[in-house]
Amino acid sequence: MRPDHWFTSTEDSAGRDEASGLAVTVDVTGWPVDVTVPQPVPPQLRSPDGLVSALRTAIASAALEHRATVGARRVLTPERRELVEDLMSGRRQVEPHRMPPLVPVTVPDHPVDGRVAAQDQRDLRTWRGRSRAGEVEVALSLRTGLDRLEVDPAFLASTDAATLRHALREAFADADSTSTQELS
């Protein structure tokens, strides 16, 4: 991993689904680290589809908030602005770095197993997490964020805001702990 000074912002960002009031805080990678459920639990959060939709909207909103923060902080210096204006107007050309000559490609004279190169699919991994009682299960991936959420409909129909928040946080934390184990 790169140190913090490489990044414009490493702060957590918050997003909200306005229709339900559900709020999610994500870290700089977009991983959910906290959830806030309004009290009383709104009707749209009582169905699995409604909860998934609200979570996806809140996570996307948090990601946009992070990008807005980065955009506001990443400002070009006057020298860089002048360089950009010169490049855009054609007054200056980009000069590519000198590269050493490439080694010629040769046809191998032995069998080659192409499957080895196709095995690196780290960006396709999915991490699963579940709450301790098993009423909420999540699947998260680096590529698509929240892949899947499974929740016990009976639990969802009868739970209060604090218990729903706790179950969601447990499931996200459990998925995060498996991601750390898998990437170490």
Side-chain angles (χ1 to χ4, degrees), residues 1-76 120-153 155-184:
M1 292 292 293
R2 301 216 185 266
D4 286 351
H5 72 272
W6 277 68
F7 302 99
T8 305
S9 171
T10 57
E11 299 164 5
D12 292 348
S13 300
R16 180 179 171 91
D17 174 49
E18 296 300 331
S20 66
L22 180 90
V24 175
T25 302
V26 299
D27 66 12
V28 68
T29 67
W31 200 276
V33 293
D34 196 8
V35 179
T36 304
V37 179
Q39 179 70 21
V41 178
Q44 57 266 47
L45 297 182
R46 296 266 181 209
S47 75
D49 290 340
L51 181 59
V52 167
S53 175
L55 278 169
R56 285 195 172 128
T57 299
I59 291 169
S61 173
L64 288 173
E65 179 65 31
H66 173 72
R67 287 180 180 93
T69 300
V70 168
R73 290 182 184 172
R74 193 171 281 172
V75 179
L76 293 175
D120 186 11
Q121 297 182 347
R122 287 175 283 189
D123 63 332
L124 299 177
R125 284 188 197 152
T126 299
W127 290 275
R128 295 174 188 357
R130 60 183 292 177
S131 59
R132 273 184 243 172
E135 65 271 37
V136 175
E137 292 185 24
V138 296
L140 300 163
S141 73
L142 296 175
R143 184 177 283 178
T144 59
L146 180 64
D147 273 348
R148 197 179 76 249
L149 175 103
E150 292 180 16
V151 59
D152 178 8
F155 164 77
L156 203 52
S158 62
T159 191
D160 62 4
T163 306
L164 178 57
R165 175 181 187 239
H166 187 70
L168 287 167
R169 290 181 71 195
E170 280 182 344
F172 287 131
D174 185 45
D176 186 40
S177 69
T178 61
S179 77
T180 305
Q181 293 167 7
E182 200 164 321
L183 292 176
S184 338

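Worth knowing before you read on, the calculation uses all heavy atoms, side chains too, and leaves out hydrogens, waters and symmetry mates.
- In terms of heavy atoms, Glu135 sits closest to Ala167 at OE2-CB, 3.6 Å.
- Interatomic distance, Ser53 OG to Leu149 CG, rounded to the nearest 0.5 Å: 11.5 Å.
- Within the 4.5 Å cutoff, no side-chain heavy atoms of Asp34 are placed close to those of Val24.
- Nearest heavy-atom pair across Ala161 and Val37 is CB-O, 3.6 Å.
- Shortest non-hydrogen contact noted between Gly30 and Ile59 is O-CG2, 4.3 Å.
- Judged by distance alone, with hydrogens and angles left aside, the side-chain atoms of Ser61 form no donor-acceptor pair with the main-chain N or O of Thr57 at under 3.5 Å.
- With rounding to the nearest 0.5 Å, the separation of CG in Leu146 from CG in Leu140 is 6.0 Å.
- Between Val151 and Leu168, every side-chain heavy-atom pair lies at or beyond the 4.5 Å cut-off.
- Atom CZ in Arg74 sits 10.0 Å away from atom OG in Ser9 (nearest 0.5 Å).
- A salt bridge is defined here as a Lys NZ or Arg NE, NH1 or NH2 lying under 4.0 Å from an Asp or Glu carboxylate O, and Arg128 with Asp174 fails to meet this definition.
- Contact of the Val33 side chain with the Val26 side chain is not registered, since no non-hydrogen atoms from C-beta on lie closer than 4.5 Å.
- Annotation: the span from Arg56 atom CZ to Asp147 atom CG amounts to 7.5 Å, rounded to 0.5 Å.
- Arg165 places a side-chain N or O within 3.5 Å of a backbone atom of Val35 that can act as its donor or acceptor partner.
- No hydrogens or angles considered: a donor-acceptor pair under 3.5 Å links the side chains of Asp27 and Thr29.
- The CD atom of Glu150 sits 10.0 Å away from the CZ atom of Arg130 when rounded to the nearest 0.5 Å.
- Not a single donor-acceptor pair under 3.5 Å links the side chain of Arg73 to the backbone N or O of Ala68.
- Taking the side chain as every heavy atom from C-beta outward, Pro42 and Leu22 never approach each other to under 4.5 Å.
- Other residues, nucleotides and ligands place no more than 12 heavy atoms under 6.0 Å from the CZ atom of Arg132.
- With Arg46 contributing its side chain and Leu156 its backbone, the two residues share a donor-acceptor pair below 3.5 Å.
- Ser131 and Glu170 get closest at one heavy-atom pair: CB-OE1, 3.4 Å.
- When every heavy atom of Trp31 is checked against every heavy atom of Phe172, the shortest pair comes out as NE1-O, 3.7 Å.
- Contact detail for Pro38 and Ser20: the closest heavy-atom pair is CG-O, 3.2 Å.
- One distance of note links OG1 of Thr69 with CG of Asp12; it measures 11.0 Å at 0.5 Å rounding.
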